[in-house]
2 protein chains.
Amino acid sequence: MRKEKEEVEVDSSTEAKIKEAARKMFTQKGYSATRTRDIAEEAGINLSLLNYYFRSKERLFQIVMNEKLELLFGILEPVVNDGGTSLEHKLEHLIQLYMNMLSENPTLPIFVMNELKNNQHPFEHKLSLKDFLHNSILAKQLNEKRPDLNPFHFLVNILGLCIFPYIAQPIFSATCLVNDMEFQQLMEERKKLIPKWTHTFLNTVFT
Amino acid sequence: MRKEKEEVEVDSSTEAKIKEAARKMFTQKGYSATRTRDIAEEAGINLSLLNYYFRSKERLFQIVMNEKLELLFGILEPVVNDGGTSLEHKLEHLIQLYMNMLSENPTLPIFVMNELKNNQHPFEHKLSLKDFLHNSILAKQLNEKRPDLNPFHFLVNILGLCIFPYIAQPIFSATCLVNDMEFQQLMEERKKLIPKWTHTFLNTVFT
DNA sequence: GTCTATAACCTGATAGAC
DNA sequence: GTCTATCAGGTTATAGAC
């Protein structure tokens with residue numbers, strides 16, 4: 001029942017090509033600065049096919065955006081609700097997962113945050129950060145170990161340590177603080193450092 | 001020689017009104033999504049006056065953007081090069097300064113980072129983060145106390161602790177994690193917490 | 001499904017009267 | 001300096017042939 005060509009086959013259908021081009025152009029330039037002609041050209045297809053397959057620029061954007069939201073926050077869920085691991089292990093796992101995702105999608109956070117800020121699009125926000133913060137297994141484990149720590153600050157700090165350098169990267173580039181290769185090297189270092197910092201944070205009482 | 005009405009006088013000249021409207025609209029919706037008509041309407045002036053005073057949308061944007069860059073990074077310079085204070089005092093001062101600036105300009109960082117990422121505009125990047133990192137008095141003091149710490153990671157961590165929650169705020173709103181008032185309250189807490197975390201970080205040897 | 005042609009509208013910018 | 005009117009070009013979307 002499976003297709004003959006199986007191994008890592010890229011979907012070369014017109015629809016897939018358009019979607020892939022849309023992913024690239026939207027994340028690169030944002031919704032407003034991206035023209036449907038940019039997407040069509042990038043995909044190597046005729047402009048009218050975009051509307052044939054996706055009805056409108058807005059609908060195509062919704063599809064891409066939902067994918068990106070899932071990529072940015074959907075990967076949290078399985079980790080924070082893993083019943084078989086310790087708090088420390090969950091945190092290490094989470095950080096590693098995030099840093100790997102970010103090194104492959106460096107502009108993902110700033111794209112998502114900015115489009116949400118601009119607030120021109122209606123979203124079905126099924127993802128519940130609230131649950132992560134108050135009802136997840138990780139939250140319970142954190143509360144058990146450190147009831148004095150505010151889980152909001154804890155989550156924000158860890159995510160910030162991972163995500164912020166990727167958001168600030170355009171500044172680093174523009175001011176020649178670090179070039180792209182140095183940046184990658186520094187992010188590799190952080191993969192090992194952030195778990196250490198987090199561990200210290202978790203075992204320090206702040207007076 | 002001074003004007004009669006002196007005290008906190010808002011500049012109500014046409015030019016100033018346009019600039020203020022541009023600040024608001026550009027930071028709110030970004031360069032591409034902002035139309036010159038939006039700015040004119042917000043300023044309560046005729047559309048053609050925008051071109052009369054500023055020649056083009058692009059030039060007006062440049063002016064606003066340079067202001068915002070100065071606001072986001074220019075305030076660092078006097079603090080990191082203050083010769084009369086200790087490392088600890090500098091860091092506390094810097095964090096307080098930044099948190100206050102951010103509570104009054106919550107969308108400033110994401111606006112600046114995103115426009116730099118989109119990279120459609122030429123910029124004179126006179127601001128040298130490189131100097132802050134390697135030649136500032138703060139950098140020297142840090143190197144003296146903790147030569148084992150990478151100043152890049154140190155700077156990124158502190159700025160990230162301050163800035164990241166403001167960047168992620170649209171997510172918090174969209175997912176109803178915290179409303180605007182709760183957010184402000186949490187940021188007030190962080191004003192006191194971040195110096196403590198930083199102090200601990202500065203006095204911990206990570207093995 | 002894919003193409004060409006074009007409709008319908010929007011946007012930045014300017015000419016010219018006052 | 002400020003206004004109205006308008007141009008020239010760009011943008012999304014669709015009609016209709018193949």
Side-chain angles (χ1 to χ4, degrees), chain A residues 3 5 9-66 111 114-115 118-123, chain B residues 3 5 9-68 111 114-115 118-123:
Chain A
K3 285 187 290 186
K5 297 191 203 160
E9 183 185 18
V10 276
D11 189 346
S12 62
S13 69
T14 301
E15 186 171 342
K17 279 194 292 185
I18 296 173
K19 222 196 273 189
E20 182 55 30
R23 274 189 277 266
K24 178 173 174 182
M25 299 314 290
F26 280 139
T27 48
Q28 197 169 97
K29 315 209 298 174
Y31 176 80
S32 296
T34 300
R35 295 162 305 156
T36 51
R37 278 168 170 80
D38 295 332
I39 298 171
E41 192 182 353
E42 174 72 27
I45 54 99
N46 187 284
L47 172 57
S48 59
L49 289 176
L50 188 150
N51 295 92
Y52 175 79
Y53 281 100
F54 296 97
R55 271 271 300 277
S56 71
K57 177 186 178 183
E58 177 66 29
R59 278 182 174 248
L60 179 53
F61 178 77
Q62 292 288 341
I63 290 168
V64 170
M65 187 65 170
N66 281 331
F111 165 70
N114 189 63
E115 296 296 343
N118 290 352
N119 199 26
Q120 302 169 10
H121 316 280
F123 282 114
Chain B
K3 283 187 293 185
K5 295 193 205 164
E9 185 184 18
V10 275
D11 189 347
S12 61
S13 70
T14 300
E15 186 172 342
K17 279 194 292 184
I18 296 173
K19 220 196 272 187
E20 181 55 31
R23 273 191 276 267
K24 178 173 173 181
M25 299 314 291
F26 279 140
T27 49
Q28 198 169 97
K29 314 208 297 174
Y31 177 80
S32 296
T34 299
R35 295 161 308 151
T36 51
R37 282 166 171 83
D38 295 333
I39 298 172
E41 193 181 354
E42 174 70 27
I45 54 99
N46 188 285
L47 172 58
S48 59
L49 289 176
L50 189 149
N51 294 91
Y52 175 78
Y53 281 101
F54 296 96
R55 273 271 301 276
S56 71
K57 176 186 178 183
E58 177 66 29
R59 279 181 174 247
L60 179 53
F61 179 77
Q62 293 288 341
I63 291 169
V64 170
M65 187 65 170
N66 282 331
E67 270 185 30
K68 298 297 180 186
F111 165 70
N114 189 64
E115 295 296 342
N118 290 352
N119 201 27
Q120 303 169 10
H121 316 280
F123 283 113

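The sequence lines fix the lettering, A, B, ..., with proteins before strands; numbering per chain opens at 1.
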Can you tell me the distance, in whole Å, between the [atom1] atom of [X] and the [atom2] atom of [N]?
X        : N       : atom1 : atom2 : result
Leu49(B) : dG12(C) : CG    : P     : 16 Å
Asn51(B) : dG12(C) : CG    : P     : 9 Å
Lys57(A) : dC10(C) : NZ    : P     : 14 Å
Glu41(B) : dG12(C) : CD    : P     : 13 Å
Ile39(B) : dA13(C) : CD1   : P     : 10 Å
Asn46(A) : dG16(D) : CG    : P     : 17 Å
Leu47(A) : dA13(D) : CG    : P     : 9 Å
Asp38(B) : dA13(C) : CG    : C1'   : 16 Å

(request) Could you tell me whether Asp38(B) and Lys29(B) have a side-chain N and a carboxylate O separated by less than 4.0 Å? (result) yes

(message) What I want to find out is whether Arg23(B) reaches Glu20(B) closely enough, with some N-O distance under 4.0 Å, to be called a salt bridge.
(response) yes

(message) Just by distance, no angles: are the side chains of His121(A) and Gln62(A) close enough, under 3.5 Å, to form a donor-acceptor pair?
(response) no

Can you find a side chain N or O atom of [X] that sits less than 4.0 Å from OP1 or OP2 on [N]?
X        : N       : answer
Ser48(B) : dA13(C) : no
Thr36(B) : dG12(C) : yes
Tyr52(B) : dA13(C) : no

NA contact type, [X], heavy-atom cut-off 4.0 Å: base, sugar-phosphate, or nothing?
X        : answer
Ser56(A) : sugar-phosphate
Arg37(B) : base
Thr34(A) : sugar-phosphate
Ser32(A) : nothing

(request) Tell me whether the centres of the aromatic rings in Phe61(B) and Phe26(B) are closer together than 6.0 Å. (result) yes

(request) Taking the six-membered ring of Tyr31(B) (Phe, Tyr or Trp), confirm whether the NZ or CZ of Lys57(B) is under 6.0 Å from its centre and within 45° of its axis. (result) yes

